[in-house]
Amino acid sequence: MTEPIVHRKLVKFQKVDGKTAEVQAVYEDSLSSGSSVGTVVAFHGSPGSHKDFKFIRQKLDAMGVRFIGINYPGFKQTEGYAGQDHSNEERQSYTNAFLKDMSLSGKVIFLAHSRGCENALMTATTFPATGLVMMNPVGLRLHKSLRPLSRYQRLESVYNMLPKFLGDAMIYKMYHSFGLKVQDGEEAINALRSVIRCGLDKTLPYIQKLQEQDTKNFIIFAGRDIIVEEEIIFESLKEYKDLEHFVGQNRTDKIRMSNFQDYEDYIPSEDFSKILKTFDSGKGASVFVKNNKHYQNKARADLVAEVVRKILDLDTVKKNKL
């Protein structure tokens with residue numbers, strides 16, 4: 001496993017209160033001079049960082065694909081800032097400012113995990129996007145890790161009232177009890193604040209806009225996800241009108257499907273071609289793996305990398321025919 005190539009740059013952007021924030025952004029960029037093959041821009045979850053994509057990035061390196069890993073402020077890579085809001089509006093302001101001078105010409109795929117999927121979706125509808133890949137997205141309504149939402153909102157209020165060292169200790173202990181890895185209380189409270197402010201149903205207009213684009217789309221999720229119930233993702237898939245769904249025979253009552261492979265624990269390599277073929281004439285595919293967990297960025301790195309290769313190759317073929 002090669003080490004990530006980490007860079008720093010100053011990013012200035014507008015906060016939701018109208019004031020300007022300035023942070024020293026830390027990010028991964030495997031080929032800062034660019035790649036003729038294509039570029040993948042990755043959006044991490046909460047908590048998370050560019051390191052969450054190391055298994056995928058390793059495979060992209062072998063393909064000659066440029067990998068850029070964004071680090072949102074407050075998650076132990078890029079430092080947080082005073083009055084940070086963590087809403088999608090402010091996160092997108094940071095994202096847009098970060099990407100503005102990154103020379104994203106050519107073929108670009110936005111790739112995301114968990115909480116980051118909302119911002120990748122929004123970015124794919126504002127920047128020219130060849131593809132959008134989402135792993136373990138959060139859906140369009142409150143999921144089990146956020147219910148009841150009022151409890152977590154009260155927890156944030158209590159944290160704000162406590163001395164910082166007490167608040168940090170409280171929230172750090174809570175996150176570890178959930179089995180979520182955070183380095184300290186500051187990272188934990190930033191993770192909590194960002195998930196409380198998920199857009200959920202407010203992201204529907206972006207899905208609808210995505211349907212009007214030529215952007216290829218791939219979604220992969222799991223049945224043993226500790227964050228989001230599978231039925232919430234199945235509901236959201238109904239909004240992705242042109243995807244083919246590989247989700248198992250027991251789900252024919254949930255959404256219209258054209259494939260019925262039962263993926264209990266893994267996806268046979270011989271089925272990769274069936275999934276990849278959906279990109280030839282359609283928008284792409286969704287894949288459900290019943291007994292996998294929340295980290296398809298690790299468990300399914302092989303398939304995700306092949307999807308990236310397929311989307312980039314298709315775009316090359318398309319341009320050669322023009």
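The shortest distance between side-chain heavy atoms of I196 and Q153 falls below 4.5 Å.
The cationic group of R8 does not satisfy the cation-pi geometry with Y27, failing either the under 6.0 Å distance to the six-membered ring centre or the 45° limit from the ring axis. Geometrically, K59 does not engage F67 in a cation-pi contact defined by less than 6.0 Å to the ring centre and at most 45° from the axis.
Classification of E235 and K238 as a salt-bridged pair fails, no side-chain N sitting under 4.0 Å from a carboxylate O. Ionic pairing of K9 and D101 is present here: one or more N-O contacts between side-chain nitrogen and carboxylate oxygen are shorter than 4.0 angstrom. Ionic pairing of E229 and R147 is present here: one or more N-O contacts between side-chain nitrogen and carboxylate oxygen are shorter than 4.0 angstrom. A salt bridge links E156 with R197: at least one charged nitrogen is closer than 4.0 Å to a carboxylate oxygen. One finds a salt bridge joining R309 and E306 here, because a Lys/Arg side-chain nitrogen approaches an Asp/Glu carboxylate oxygen to under 4.0 Å. Using a 4.0 Å cut-off between charged nitrogen and carboxylate oxygen, D184 and K76 count as a salt-bridge pair. A salt bridge is defined here as a Lys NZ or Arg NE, NH1 or NH2 lying under 4.0 Å from an Asp or Glu carboxylate O, and K274 with D271 meets this definition. Remark: R91 does not engage D85 in a salt bridge, criterion side-chain N to carboxylate O under 4.0 Å.
Within the 3.5 Å criterion, the main-chain N or O of T215 finds a donor-acceptor partner in the side chain of K283. Put simply, the side chain of Q84 gets close to the backbone of P73: a donor and an acceptor are under 3.5 Å apart. Although no hydrogens or angles enter the test, the distance criterion places a donor-acceptor pair under 3.5 Å between the side chain of E187 and the main chain of Q183. E244 places no side-chain N or O within 3.5 Å of a backbone atom of K277 that could act as its donor or acceptor partner. Side chain of T78 to backbone of N71: a donor-acceptor contact under 3.5 angstrom is found. Looking at K15, its side chain does come within 3.5 Å of a backbone N or O of A82 through a donor-acceptor pair. Side-chain atoms of N292 never come within 3.5 Å of backbone atoms of A222 as a donor-acceptor pair (strictly under, hydrogens ignored).
The CD1 atom of I68 sits 4.5 Å away from atom CG of D29, with the distance rounded to the nearest 0.5 Å. Here the straight-line distance linking atom CD1 of I219 with atom CE of M134 works out to 4.0 Å at 0.5 Å rounding. Atom-to-atom distance recorded for I220:CD1 and S286:OG is 9.5 Å, nearest 0.5 angstrom.
Ring-plane geometry between F279 and F218 is classed as tilted, the angle between the planes lying from 30 to 60 degrees on a 0 to 90 degree scale. The aromatic rings of Y72 and F43 lie tilted to each other, with the angle between the two planes from 30° to 60°.
The 12-atom threshold is not exceeded at CD of E79, counting heavy atoms of other residues, nucleotides or ligands nearer than 6.0 Å. K293 NZ: 12 or fewer foreign heavy atoms inside a 6.0 Å radius. The environment of NZ in K173 is sparse: at most 12 heavy-atom neighbours from other residues, nucleotides or ligands sit within 6.0 Å.
No option in F53, F221, Y295 other than Y295 meets the ring-ring contact (aromatic ring centres under 6.0 Å, His included) test with H113. A side chain to side chain donor-acceptor pair (under 3.5 Å) with E28 is found for one member of K51, H7, R57, K54 and no other, namely R57.
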